[in-house]
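Worth saying up front: this structure is predicted, and the values here are computed from it rather than measured.
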Amino acid sequence: MASSPEVTDKPTTTTIHRYDSAAKFLGIPVGSLYALVHERRIDHVRLGARTVLFEQHALEAFLKAHRVPAAVQK
């Protein structure tokens, strides 16, 4: 008999950033991050008109999506 996957009620933990720490993590000015949010070019969580949060994994995915591979040397 195959066993079913274990179901747990443990909450997953993720690091949550606000504008300042998210911009620092990405290495961009806060104003640029505001523009990315306004243009909906970066994943974010909006809890209210002025409360915007960024999950660590979303910031990492944003960086990965914008990676430019190195040119091949001949």
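When side chains are defined from C-beta on, Leu26 counts as touching Ile42, because their heavy atoms get closer than 4.5 Å. In this structure the side chain of His57 never reaches within 4.5 angstrom of the side chain of Thr15, judged on heavy atoms. Counting heavy atoms from C-beta outward, Leu36 and His44 have side chains that stay 4.5 Å or more apart. No side-chain heavy atom of Asp43 sits less than 4.5 Å from a side-chain heavy atom of Glu55.
The cluster map of Ile, Leu, Val, Met, Phe, Trp and Tyr, joined by side-chain heavy atoms under 4.5 Å apart, puts Ile16 and Phe25 in different clusters. In this structure, Val45 is not a member of the same hydrophobic cluster as Val30, with clusters built from ILVMFWY side-chain heavy atoms closer than 4.5 Å.
Scanning both residues, Gln56 and Thr14, for their nearest heavy atoms gives N-OG1, 4.1 Å.
Aromatic ring centres of His66 and Phe62: separated by under 6.0 Å.
For the side-chain contact (heavy atoms from CB on, under 4.5 Å) test with Leu33, the passing option among Ile28, Val52, Leu59 is Ile28; the others fail.
Legend: residues meeting salt bridge (Lys or Arg N to Asp or Glu O under 4.0 Å) with Arg41, ordered by chain and number and at least two apart, are Glu39.
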